[in-house]
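Owing to the predicted nature of the structure, the values given are computational and were not obtained by experimental measurement. Just so you know, residue 1 is the first one in the sequence shown, and it goes up from there.
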Amino acid sequence: MKEMLMHSFVLDALDTTGADTFSHFEMLIEEHRALTQCDSPQPSRLKQLVPTAGLFHTRLPLRHAFVAYNKKYALASRKHVCISFNELRHILNLAQVMAFVFSERDSPDEEQLMREENALKRWESSPSALLLTPRENEAPPPLNLDGSIQEESPIINESEAPRTMVDDNSHEKKSNVAQYRGPKLITFDGDQTLYSDGANFESNPLLASYLYMLLRHGVTIAVVTAAGYEYQAEKYELRLSGLLEYFKQRQLPAKDCARFYLFGGECNFLLNLSSDYRLHPVRERGPGGWITSTKYIPETPGNWNESSVQSLLDLAEKTMKSSLEEQNLRARIIRKKRAVGMIPKPSEQISREALDETVLRAHAELDRHAGVDLPFCAFNGGRDAWVDVGNKRVGVQVLQSYLGVLPVETLHIGDQFLNTGNDYAARDVCPCVWITCPDETTYMLKSILRLAGVSLNDVENDISPNDAVHTGESKEKGSKGINFDELERRTSMVQRMDVFTGEIVNQKQSPPPRQTLAKAKGDLTKK
């Protein structure tokens, strides 16, 4: 795509020919979809040009997406910098989100065309806050002690009348849900998608607010994460503590809580949010059990033989140990119930190249071993490398079957779509959006809500000065002082659990933060 667009850029004709180029891409994709759906032995032109091209579950209105993106970010006005890979990724993401709003019919009616036009206007009018070039290996942002946070001020069109969140039984709330036009199931990766790699969901009230609004509008949310702590719900809750506390403060209704799921270990441990704002294991077997009800799918955990699971893990562990020794890595191997991982030793780091080498070795060894007949995922986690039994294709497919949601009604959002990533497999069972950081996730959810016809005025009202538990801001009206209780809570949380292993860290190994915080508080009082 970039190569074809380069010709237009060199000729200074991107403004006049760029849209036509995207129309050509759109035509190739539609031809590929048609041949795939009828199981034609004839390869599509797209497949011949791009042999790795997979399934396209929906149409991709690429021309509309490019025109809207160009109108907002003025790509065609640049004279020295051609359209970048990241910008192409964003245009494809936007087209995928538009696909849930735009009609699949060849000749949509006038009402549909008006709805699509209004959706584009809502998106184009929103602030241009997307981070286009996030720094690689960016460290997690520092804690804001004063609670200050840069919030967007969404521009609301005149046609978007403010909607007040009211009781479930009200006619207004029902009409808002009816107006939502977007994916029914949205699945998320965890690290680097909802929160920074190796961190927890602590202080992101804007992202939490968008997730809250999606739940309130009838969307099912599921975190499909490689983090595998079996059914120890409190460890998953720790990773999502800020989000769950946000739901609790906003008193998310029980029926909306029931639409929030977490799938740990890719596809091995399913938990559900209850009205007490705690995660609880979902029954596996028997009537209503998720394993029992999805056993008809060949690759689901209900059809796995335990001896096959252990054989796969044995081979993965052997390969990782060999890679560690031959590369002289300062790392160690850990084994869980359904995963084997290579993690850095304390205060050490493993290079991206070494992690990729380990992952590709595991891929090669497991692929050629005749005894491996289970789905697996070998991936570079950014700071570590893992081989999991199962993958996100299975995880998303289980959720679709268990919840009765079609692939065309599902959207997966993740950051690992390279061949050493663990979101790659989800492409087989649903449309996907490729992001690189939680800020981009926030922006994509904002785009989904805008294009789906949801007013963002509620978000502006939802992030209130009472968000002390998320920002660290003092609850005293007008105060910008440090909330030491909140700071201590976050500090102790980070110390309590090793995110790699899920082990609770012995508090005696490190001095409690209270003395340090008390001293800081005393010094501040003196000033």
Side-chain angles (χ1 to χ4, degrees), residues 1-37 43-108 112-113 115-126 128 130 132-133 182 408 411 413 417 427 431-436 440 443-444 447-448 450-451:
M1 295 179 77
K2 187 175 180 181
E3 184 178 347
M4 291 183 68
L5 290 166
M6 178 64 77
H7 298 299
S8 297
F9 176 76
V10 171
L11 296 172
D12 196 19
L14 191 59
D15 198 26
T16 55
T17 65
D20 290 336
T21 302
F22 276 94
S23 289
H24 180 64
F25 297 149
E26 196 172 331
M27 178 188 66
L28 289 174
I29 291 172
E30 278 306 294
E31 177 193 88
H32 178 76
R33 288 185 70 212
L35 292 173
T36 302
Q37 289 171 358
S44 66
R45 286 182 292 171
L46 179 63
K47 191 72 173 180
Q48 294 176 49
L49 292 169
V50 187
T52 56
L55 292 174
F56 290 85
H57 301 273
T58 65
R59 281 187 175 183
L60 286 182
L62 292 171
R63 184 187 182 101
H64 283 87
F66 170 74
V67 170
Y69 198 90
N70 184 45
K71 184 175 180 181
K72 187 170 183 178
Y73 295 103
L75 305 183
S77 66
R78 297 203 301 246
K79 305 297 181 184
H80 301 283
V81 179
C82 183
I83 187 169
S84 70
F85 171 82
N86 274 329
E87 288 168 330
L88 284 174
R89 179 171 56 80
H90 295 146
I91 292 170
L92 288 166
N93 286 347
L94 178 59
Q96 186 59 80
V97 173
M98 286 179 172
F100 290 99
V101 179
F102 282 25
S103 174
E104 282 273 355
R105 292 172 291 178
D106 294 327
S107 301
Q112 173 65 24
L113 289 173
R115 182 162 56 239
E116 293 173 2
E117 183 179 352
N118 289 337
L120 282 178
K121 287 181 179 178
R122 284 193 298 271
W123 186 84
E124 291 167 2
S125 67
S126 63
S128 303
L130 186 58
L132 297 182
T133 53
V408 294
L411 181 68
I413 300 177
F417 285 97
R427 301 188 315 163
C432 296
V433 163
W434 185 356
I435 55 83
T436 60
E440 283 194 6
Y443 193 84
M444 287 312 306
S447 297
I448 290 170
R450 276 193 174 278
L451 290 169

Can you name the closest pair of heavy atoms from His57 and Arg33 and give their distance?
-> O-NH2, 3.6 Å
Are any non-hydrogen side-chain atoms of Arg63 and Asp20 less than 4.5 angstrom apart?
-> yes
Does a side-chain heavy-atom distance below 4.5 Å link Leu14 with Asn70?
-> no
So which heavy atom on Leu94 is nearest to which on Ala65, and how close?
-> CD2-O, 3.7 Å
Gap separating the CG atom of Leu411 from the SG atom of Cys432, nearest 0.5 angstrom | 7.5 Å
Closest contact, heavy atoms only, Met98 versus Leu451 = CG-CD1, 4.1 Å
Taking the side chain as every heavy atom from C-beta outward, state whether Leu35 and Lys47 have any atom pair closer than 4.5 Å.
-> no
Heavy-atom pair with the smallest gap, counting every atom of Cys82 and Arg78 | O-NH2, 3.2 Å
Which heavy atom of Ala19 sits nearest a heavy atom of Val67, and at what distance?
-> CB-CG2, 4.1 Å
With a 4.5 Å limit on heavy-atom distance, are the side chains of Met1 and Phe22 in contact?
-> yes
Backbone N or O of Trp434 within a donor-acceptor pair of the Asn93 side chain at under 3.5 Å?
-> yes
Gln96 and Met444, any side-chain heavy atoms less than 4.5 Å apart = no
Provide the closest heavy-atom pair for Leu60 versus Glu26 in the form atom of the first, atom of the second, distance.
-> O-CG, 3.2 Å
Test side chain to side chain contact (heavy atoms under 4.5 Å, CB included) applied to Thr36 - qualifying residues, sequence neighbours left out = His32, Leu55
Would you call Phe56 and Leu46 a side-chain contact if the rule is heavy atoms closer than 4.5 Å?
-> yes
